[in-house]
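Report on the structure given below.
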There are 2 protein chains.
Amino acid sequence: MNYNKDTSNRILEAATREFEEKGYSGARMQSIADRAGINKALLHYYYKSKDMLFQIIIQKAFEVFIPRIVSVFEEETDLFTTIEKFTRSYIELYVQNPRVPGFITQEINNHPDRLVQLIQSTGANTETFKNKIKKSVKEGLIDDIEPEQLIVNIISLCLFPFVAKPIVTELIIQGTEKDFDKLIENRKTEVAKFIIKGIKKIN
Amino acid sequence: MNYNKDTSNRILEAATREFEEKGYSGARMQSIADRAGINKALLHYYYKSKDMLFQIIIQKAFEVFIPRIVSVFEEETDLFTTIEKFTRSYIELYVQNPRVPGFITQEINNHPDRLVQLIQSTGANTETFKNKIKKSVKEGLIDDIEPEQLIVNIISLCLFPFVAKPIVTELIIQGTEKDFDKLIENRKTEVAKFIIKGIKKIN
DNA sequence: TGCAAACTTAACCATATAGTTAAATTTGAC
DNA sequence: GTCAAATTTAACTATATGGTTAAGTTTGCA
């Protein structure tokens, strides 16, 4: 078999959008072919089955997104700078890929087992960051907080607004998509401020 | 037609679990019948179609969960007490219904339009709470924060761990379900502490 | 005991969809 | 211009699934 890179990429992009919007069961091979501007026969010529396509896509999502988290966590700056950098770059990542959090979330629900394996295969690891937190606690820089709690807080504050975008827009902001974007823009700095104040020791 | 309340409820419970686990497209009527301990013919005798069943269930989810948020928001206590009460009762709600956040999240992704309508039909409203926040800012009790940002923070911190349970358990805690439960147990008080410290004005 | 409602059985229909196939056509490199 | 690879066409298969039907069985109550 011989493949055209452009076609192959168009298929992957089309499939990504389809799976993001409808989940695995809701996605249709015909719809993916249509989005890619090709026909079903060629789609199957490039990618054997729906399942294979899906696995490739979700694997890519994790290969891109999980390391992006972990790499910032592992930078050798002080805790507060790490938090500032992480929240900004993580939120920016999802401004550019707003459907990914929902996609991953859906996958979490439907195949938690498969997900866990994928995570472990990326070699993702939060030890360095946990140690940095513990050290900051010992040095009296921040309040006594479980590292796990702090990490969950950070990720929750960055990710959840994207996962729940319609609820945030309609119920909380009661505005339009523009208002949502503005809220997110502010969060790039506000989240870090909020977190740091929430843990910083008061002398 | 005449219905048995017990059977009707068993169907609803079975369908709820099925939809929670697999989403609308992934759910199977046969599987719902099996879970309810009945056959497909009877299932359709009680509930005309898959779509109807789903709508009933998602409507119930919203009728139960959205007011629960809003009612605490509207209590006439001071801001800090409201936050403490809300986070505790909201997290407890999801300890008892751990799959609901994922279910709602999935629905957000697949039918954002339908969701928005449902929210509006519950009469849910965050004005009272927003005003309480604004008042607290004016009184110099808390830092100058957009009410919308604070509400998003509160809900993110309560809900997200449930939505991302496997990731939290495997990647962040690197432990078991028991460890997750313990983390959540601590969050019932820790989240409020964290939020309040994050906004409270330092004199 | 009799009767009606609740429930089962099992076969059936219609449709959607993943995946296949083979022949025809287009395209681009040599 | 030739040839092989890329792509299309269009018909097809197999299967899963939502939903229906009709006849029979169980159950509880009057």
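We name chains A, B, ... by the order of the sequence lines, and we start the count at 1 in each one.
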For G102(A) and N109(B), which heavy atoms make the closest approach, and how far apart are they?
CA-ND2, 3.3 Å

Please lay out, stage by stage, how E127(B) and N131(B) fare under the test side chain to side chain donor-acceptor pair (under 3.5 Å).
CA-CA 6 Å; E127(B) 281 312 304; N131(B) 287 333; 4.7 Å; no

Rounded interatomic separation in angstrom, taking [atom1] from [X] and [atom2] from [N]:
{"X": "D51(B)", "N": "dG18(D)", "atom1": "CG", "atom2": "C1'", "answer": "11 Å"}
{"X": "D6(A)", "N": "dG28(C)", "atom1": "CG", "atom2": "C1'", "answer": "14 Å"}
{"X": "L43(A)", "N": "dA18(C)", "atom1": "CG", "atom2": "C1'", "answer": "10 Å"}
{"X": "I11(B)", "N": "dC7(C)", "atom1": "CD1", "atom2": "C1'", "answer": "11 Å"}
{"X": "Q30(A)", "N": "dA10(D)", "atom1": "CD", "atom2": "C1'", "answer": "12 Å"}
{"X": "K40(A)", "N": "dA14(D)", "atom1": "NZ", "atom2": "P", "answer": "15 Å"}
{"X": "L42(B)", "N": "dT25(D)", "atom1": "CG", "atom2": "C1'", "answer": "14 Å"}
{"X": "N39(B)", "N": "dG19(D)", "atom1": "CG", "atom2": "P", "answer": "15 Å"}

Listed nucleotide nearest any side-chain atom of [X], set [options]:
{"X": "Y46(B)", "options": "dT8(C), dG19(C), dA6(C)", "value": "dA6(C)"}
{"X": "H44(B)", "options": "dT8(D), dT9(C), dT20(D)", "value": "dT20(D)"}
{"X": "A41(A)", "options": "dT17(C), dT7(D), dT8(D)", "value": "dT8(D)"}
{"X": "I38(B)", "options": "dT8(C), dT17(C), dT20(D)", "value": "dT8(C)"}
{"X": "M29(A)", "options": "dT8(C), dG19(C), dT7(D)", "value": "dG19(C)"}
{"X": "N4(A)", "options": "dT8(D), dT7(D), dG18(D)", "value": "dT7(D)"}

Base, sugar-phosphate, or nothing for A27(A), non-hydrogen atoms under 4.0 angstrom?
sugar-phosphate

Can you find a side chain N or O atom of [X] that sits less than 4.0 Å from OP1 or OP2 on [N]?
{"X": "R28(B)", "N": "dG18(D)", "answer": "yes"}
{"X": "Y45(A)", "N": "dA6(D)", "answer": "yes"}
{"X": "T7(A)", "N": "dA6(D)", "answer": "no"}

Considering only heavy atoms from C-beta outward, does the side chain of I199(B) approach that of L79(B) to under 4.5 Å?
yes

For ring pair (Phe, Tyr, Trp, His ring centres under 6.0 Å), just list the numbers for F194(A) and F194(B), CA-CA rounded to whole Å, side-chain angles, deciding distance to a tenth of an Å, and then say yes or no.
CA-CA 9 Å; F194(A) 176 75; F194(B) 177 75; 5.7 Å; yes

Do you see a donor-acceptor pair shorter than 3.5 Å between the side chains of T82(B) and K132(B)?
yes

hbond_proxy K50(A) side chain to dG19(C) base (donor-acceptor, 3.5 Å cutoff):
no

Net bend of the helix from dT1(C)-dA30(D) to dC30(C)-dG1(D), end axes of five pairs each, nearest 10 degrees
20°

Between Y24(B) and F19(B), how do the two ring planes meet: parallel, tilted or perpendicular, split at 30° and 60°?
parallel

Walk me through it: do Q30(B) and D34(B) pass the test side chain to side chain donor-acceptor pair (under 3.5 Å)?
CA-CA 6 Å; Q30(B) 184 60 60; D34(B) 292 346; 3.1 Å; yes

Run the numbers on N186(B) and E146(A) for side chain to side chain donor-acceptor pair (under 3.5 Å), then give the verdict.
CA-CA 10 Å; N186(B) 289 339; E146(A) 289 173 69; 2.9 Å; yes

